[in-house]
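A quick note: this is a predicted structure, and the numbers were derived from the prediction, not measured. Atom set for the values below is all heavy atoms of this structure, side chains included, hydrogens, waters and symmetry mates excluded. Note on naming: letters A, B, ... go to the chains in the order of the sequence lines (proteins, then strands), and numbering restarts at 1 for each one.
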Number of protein chains: 2
Amino acid sequence: MTHASVESPLSTRDVILDSAQDFIQSFGYVGFSYRDVAAAIGIRAPTIHYYFPTKADLGRAVAERYGARFRAVRDEACAAASPTKALEIYAQLFRESLANRDRVCLFGMLMAGGKGAPDGVQEAAIAFFDENIDWLAARFDEARAARDADLGSVPPRHAAKMFFAGLEGAMVVANASRRLADFDDAAGALLGMWKRAPL
Amino acid sequence: MTHASVESPLSTRDVILDSAQDFIQSFGYVGFSYRDVAAAIGIRAPTIHYYFPTKADLGRAVAERYGARFRAVRDEACAAASPTKALEIYAQLFRESLANRDRVCLFGMLMAGGKGAPDGVQEAAIAFFDENIDWLAARFDEARAARDADLGSVPPRHAAKMFFAGLEGAMVVANASRRLADFDDAAGALLGMWKRAPL
DNA sequence: GTCTATAAGATGATAGAC
DNA sequence: GTCTATCATCTTATAGAC
């Protein structure tokens, strides 16, 4: 074991990605420039072109890393949890991003800038959305099978789409209002609805 | 009665607002320019400055008009409807914007571009979100009082925040995936959850 | 790898003719 | 009211020195 990810200082490439992600989550893809990133991390703009020839390349790299990281964090955080507990932890992951860093889901931000996002990013966003909805649908399915959730006539996959869309929307609303309670109330309702009739 | 709104051709000001709204809903506030709008409607860019001295003025005017229009359309469409039917119609309003014009909620778009939006727009967005959540909370409250909805232990206002956030998020997801079913499934679950146990 | 210098074009905005 | 002409600034991106 090399401990590379623990010991090695952040490479220039990683620092660029960190800063670019930060800017995209704050101002969107069209709302930041190479100069912004360069100034933020103390290098010159053309240096970024060495790592990411075009802005689209940078956008795609940020999106790719974010998707992989979110998936890893989610799977690790929910590994030992029951289906219903996993849903709570999942909502908590979004809440922490909002509460600790004032940041909204990267793909929510990227897709709200819709037709302005570079080629490849929309496909990555769809993949991210689909993978998360698949994952959530599996949890709803397990919860229902274990009689931990009463979805009534709502298919688990539809509940998953509702849950995911609800969290994405709640992040946008709460980020605008600057009231974390707006997120908590919506997430609480999302989690409280189907456990209304505990068995 | 003058029929002014029916007879008069669209003023330059209105045409500018229409086009600007279109661009904002497609590319976000930072994603369009005066030249884009001018080219789209067949005038020259400086003409826009005559009506809206700065881009921030234009952004604020689009936001203001959108909020007032949405409220009027909503109130008219739901005037004669039962509380639960009103919620269905409300969801339908968002669906139509997505299905007919490929457009997402203006304020969702504006706030996703977060810190890039001009002064005044964030306040307008919060007001829009709050007013809609108030309106939805009143419908959930009426529906519960009429025993048309079983919210369990979820407060009507929390259900309203969930419902609104769910629709906003579903628009973003469905707009990205270009699958209207993603919106319909989420909206269906949002509408189907609390009517699970019809009385 | 990171820099300076710079190109080529877009941007918000203004001045002033008509 | 709408135009042409123009400005200062910012944008992405490249060439080439170190």
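- Note on A/Arg44: a side-chain N or O is less than 4.0 Å away from OP1 or OP2 of C/dT4.
- Across the protein-nucleic acid pair, B/Tyr29 atom OH and C/dT11 atom P stand 13 Å apart, rounded to whole Å.
- Per the geometry, OH belonging to A/Tyr34 stands 22 Å off P belonging to C/dA5, to the nearest Å.
- If you check the side chains of B/Gln92 and B/Glu88, you find no donor sitting under 3.5 Å from an acceptor.
- At a cut-off of 3.5 Å, with distance as the only test, a side-chain donor of B/Arg65 or B/Gln21 sits close to an acceptor on the other residue.
- A/Phe32 comes within 4.0 angstrom of the backbone, heavy atoms only, and of no base.
- Between A/Tyr50 and C/dG1, a side-chain N or O to OP1/OP2 separation shorter than 4.0 Å is present.
- A/Arg13 and A/Asp18 are not joined by a salt bridge, as no carboxylate oxygen comes within less than 4.0 angstrom of a charged side-chain nitrogen.
- Residue A/Thr12 has a polar side-chain atom (N or O) positioned under 4.0 Å from OP1 or OP2 of C/dT2.
- Both cation-pi conditions hold for A/Lys55 and A/Tyr29: the charged atom is under 6.0 angstrom from the six-membered ring centre and inside a 45 degree cone around its axis.
- Place A/Tyr51 and A/Pro46 on DNA chain C by their nearest nucleotides, and A/Tyr51 ends up nearer the 5' end.
- Taking atom NE2 on B/His49 and atom P on C/dG12, their separation rounds to 7 Å, with Å as the unit.
- If you take CD1 of B/Ile48 and P of C/dT11, they are 12 Å apart, rounded to a whole angstrom.
- Taking atom CG of residue B/Asp57 and atom P of nucleotide C/dT14, one finds them 10 Å apart after rounding to whole Å.
- Protein atom CG of A/Leu58 is 14 Å distant from nucleotide atom P of D/dT11, rounded to whole Å.
- Remark: B/Ser33 is not in phosphate contact with C/dA10, judged by side-chain N or O atoms under 4.0 Å from OP1 or OP2.
- Atom NZ in B/Lys55 sits roughly 18 Å away from atom C1' in C/dT14 (whole-Å rounding).
- Of the charged side-chain nitrogens involved, at least one lies within less than 4.0 Å of a carboxylate oxygen, so that A/Asp184 and A/Arg95 count as a salt-bridged pair.
- Between A/Phe52 atom CZ and C/dT2 atom C1' there is a gap of 15 Å when expressed in whole angstrom units.
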